[in-house]
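Here's the structure we're looking at; comments come further down.
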Amino acid sequence: MAGYFKADLVENSLLKTLRAFLKTMLDMDDIRSILVPCRLPMKPRIMPMLVSDASYLANADPIAPSFPLNSARIVSRLTRKTAGGVLAVVLRPCEMRAFVELVKLNQGHPDDLILVGLDCIGAFSNRDYAGIADRHDSDFSENYCWNVLSGKDTKTDGTDQTPACRTCMQPVPDQADIRIQLFGSRLEDGLCIQAGSEKGEQRLSRMQLKSSERSLQRDSAVEQVIRVRQSNCENMIAEVEQKTDSMEKLNRYLADCVNCYNCRVACPVCYCKECVFATDVFCHEPYQYLRWADRKGAIKMPTDTVFYHLTRLAHMSTACVGCGQCSNACPNDIPVMELFKSVSLRTQKIFDYQAGRDVQEKPPLTSFRENEYEDIVG
Amino acid sequence: MDAFEPSLIAFVCNWCTYTAADLAGTSRLYYPPNVRLIRVMCTGMVDPQYVIKAFLEGADGVLVSGCHPGDCHYINGNYKARRRIRLLKEILPRFGFDERRLRLTWIGASDGIEFSHIITELVEELKGLGPVQTQNSMVI
């Protein structure tokens, strides 16, 4: 396995090549639809679209540095039951990792799916991307992608990508059946596509692509990207740990939180069908609030803010894929991702677990070994 | 000023540690009155959120105590509890909680003496650690 294929560049454009590639896929008999980030017809914005008619692939833009939401949940919905046909989905690596976590929880089903992934060059926050998209023309995605791949600055109009993307150490779609390689490949010579699974190999070999070989610069190029992000990540973690190393500081860090729970809604791996914080458990009796206020002198309203974030850390930090949608969704710009990443790296490490790495690995809190962690007992 | 009396919340499983506490009582063994026992059917049902809530509400220490490995009435609840406590021991100290405030023990149904020892020892330790930092703050 791990066959390599090559698609000739269409009119020297990465975007046109990808659109042509997706069109070839959609033209295959058994593929019903493709889920792919597309430009909206009514506004220069990117959203995932479920495309059945190949002519709509002219709007597909999977290289736009825009990440409006984590599509893992959408794919989870689309695969809840048999849909009647095979679905190809173009996802970012972090979306695939989140989907793998959902599959483990029986909230996603990969059987009738073909996962198509591209090396991820990162994205801007929704707010920043909206401004950029309004100011630039339709060639922006293409130009930005080439610039980033050639090692130029990731900033545009003085704005940089989200902290989540700048600190992401898994920018390669290791879970995909079809992996489109951008890092370390000479795009001028064509688009390098690797089969990531038996399913992907079969699909690619039916697509009349030229066979190819592993690019020699690939590993070092990927390593280079990861090295930069790793150093960004270490700096970020050191900073956030210093800002939140006591409850008092954590309170200050979360002071702007209004309990809107957008971070939980945006989180692809917050897996509960009904969050306990949305239930009657937190519909306290009026006298309870008064008792708290009596005891402490004063309480901040709404209550349970720190409790909510700590609980979410305990519930889902082992499944956190670091996509940063929590920060993206926060109306008050609390650096939620930074906090969660600083904790999830620790909690995943103690269980020797990496969210989204392997669908066979059980979530750490659902499994156990008889002889482990004996030092914490007693 | 009055001497500091810590409050300790103990989640104890119905089948082992609660029975041990009962035995300690009927055997007239002494243990400090600082502990508030919360009987649960199994330590495997102690969601990390309960422990967090206890601390945020001002508990100076939390004890989770169940059956010895292999003795769980529900086969493996205590193993799952152990992972959750391991998780909390990674998360809480990150925000300045002293790890010693959270304890996990196995106390079998016949270990009334052991129960009285552990509560006494834990309350002494908490006295040394002083009040938890959330006691007087506005954290809820």
Side-chain angles (χ1 to χ4, degrees), chain A residues 240-241 244-251 253-254 276-277 281 284 288-289 292-293 295-315 317-318 339 342-351 363-378, chain B residues 43-44 46-58 63-70 72 75-100 102-107 114 117-118 121-122 132-140:
Chain A
V240 69
E241 287 195 345
T244 55
D245 61 6
S246 70
M247 284 308 286
E248 198 190 330
K249 286 188 183 174
L250 180 66
N251 251 323
Y253 193 86
L254 299 169
V276 65
F277 284 88
V281 173
H284 306 300
Q288 178 69 66
Y289 292 104
W292 278 326
R295 196 170 82 216
K296 303 206 172 200
I299 49 164
K300 183 201 78 93
M301 300 292 280
T303 55
D304 301 309
T305 306
V306 174
F307 185 27
Y308 160 72
H309 289 283
L310 285 176
T311 300
R312 226 167 71 76
L313 280 169
H315 282 176
S317 69
T318 52
L339 177 66
S342 77
V343 171
S344 71
L345 285 175
R346 284 164 175 259
T347 54
Q348 294 183 20
K349 193 172 164 204
I350 54 169
F351 296 117
L365 294 179
T366 65
S367 55
F368 61 88
R369 286 194 303 274
E370 279 182 26
N371 302 310
E372 61 176 7
Y373 310 120
E374 278 159 355
D375 54 316
I376 66 158
V377 183
Chain B
T43 49
V46 179
D47 190 302
Q49 133 180 62
Y50 303 163
V51 176
I52 294 169
K53 177 70 173 173
F55 279 125
L56 292 181
E57 282 281 314
L63 170 71
V64 177
S65 186
C67 308
H68 284 275
C72 179
I75 301 164
N76 55 29
N78 49 0
Y79 293 120
K80 291 172 182 160
R82 187 165 60 189
R83 284 212 161 191
R84 293 192 190 126
I85 299 300
R86 180 70 193 87
L87 177 83
L88 283 167
K89 277 182 177 280
E90 196 64 29
I91 295 177
L92 292 175
R94 161 79 179 68
F95 301 109
F97 276 95
D98 194 307
E99 207 219 335
R100 288 170 292 178
L102 175 60
R103 280 277 281 275
L104 172 69
T105 59
W106 311 133
I107 302 175
E114 170 89 351
H117 279 167
I118 283 182
E121 179 200 309
L122 191 47
V132 76
Q133 47 169 338
T134 51
Q135 190 85 64
N136 296 312
S137 67
M138 292 209 303
V139 192
I140 284 275

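Everything quoted here is computed from the prediction, not taken from an experiment. Here is how names work: the chains are called A, B, and so on, in the same order as the sequence lines, proteins then strands, and each is numbered from 1.
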Mind checking whether B:Phe55 and A:Leu310 have side chains closer than 4.5 Å, heavy atoms only? no
Looking only at A:Arg369, A:Lys249, A:Lys349, the option with the highest number of non-hydrogen pairs under 4.5 Å against chain B is A:Arg369
Going from NZ on B:Lys53 to CG on A:Asp304, what distance comes out if it is rounded to the nearest 0.5 angstrom? 5.0 Å
Heavy-atom distance under 4.5 Å to chain B: side chain of A:Asn371, backbone, both or neither? backbone
Looking at every heavy atom in both B:Ile91 and A:Ser317, which two are closest together, and how far apart are they? CD1-OG, 4.3 Å
Is A:Tyr253 in contact with chain B via its backbone, its side chain, both, or neither, using a 4.5 Å heavy-atom distance? neither
For chain B, find which of A:Val276, A:Asp375, A:Thr318 contributes the most heavy-atom pairs closer than 4.5 angstrom. A:Val276
For atom CD of A:Glu370, is the number of surrounding heavy atoms from other residues, nucleotides or ligands below 6.0 Å larger than 12? no
Any donor-acceptor N/O pair, B:Arg82 side chain to A:Glu372 backbone, under 3.5 Å: yes
Which heavy atom of A:Ala314 sits nearest to which heavy atom of B:Ile52, and what is that distance? CB-CD1, 4.0 Å
Do side-chain atoms of B:Arg83 reach the backbone of A:Ser367 as a donor and acceptor pair under 3.5 angstrom? yes
Quick one: which of A:Ile350, A:Leu250, A:Thr347 has the most heavy-atom pairs under 4.5 Å with chain B, could you say? A:Ile350
Tell me the closest heavy-atom pair linking B:Lys80 and A:Thr366, and the distance in Å. CE-O, 4.5 Å
Look up atom NE2 in A:His315 and atom CG in B:Leu87, then write down how far apart they are to the nearest 0.5 Å. 9.5 Å
Say you draw a straight line from CZ of A:Phe307 to CD of B:Gln49; how long is it, rounded to the nearest 0.5 Å? 4.5 Å
Heavy-atom contact with chain B under 4.5 Å, split by part of A:Phe351: side chain
Toward chain A, the part of B:Asn78 with a non-hydrogen atom under 4.5 Å: neither
Does the side chain of A:Met247 come within less than 4.5 Å of B:Val132's, by heavy atoms? no
Need one label for B:Arg103: side chain, backbone, both or neither, based on atoms under 4.5 Å from any heavy atom in chain A. side chain
Close side-chain approach of A:Tyr373 to B:Ile85, heavy-atom, < 4.5 Å: no
Could you tell me which portion of A:Val240 (side chain, backbone, both or neither) has an atom closer than 4.5 angstrom to a non-hydrogen atom of chain B? both
Could you state the interatomic distance from CD (A:Glu248) to CZ (B:Phe95), rounded to the nearest 0.5 Å? 14.5 Å
Neighbour count >12 (heavy atoms, 6.0 Å) for atom NE2, B:His68: yes
Have B:Arg94 and A:Thr244 got a donor and an acceptor in their side chains that come within less than 3.5 Å? yes
Taken to the nearest 0.5 Å, the spacing of B:Lys89 NZ from A:Ile376 CD1 works out to 6.5 Å
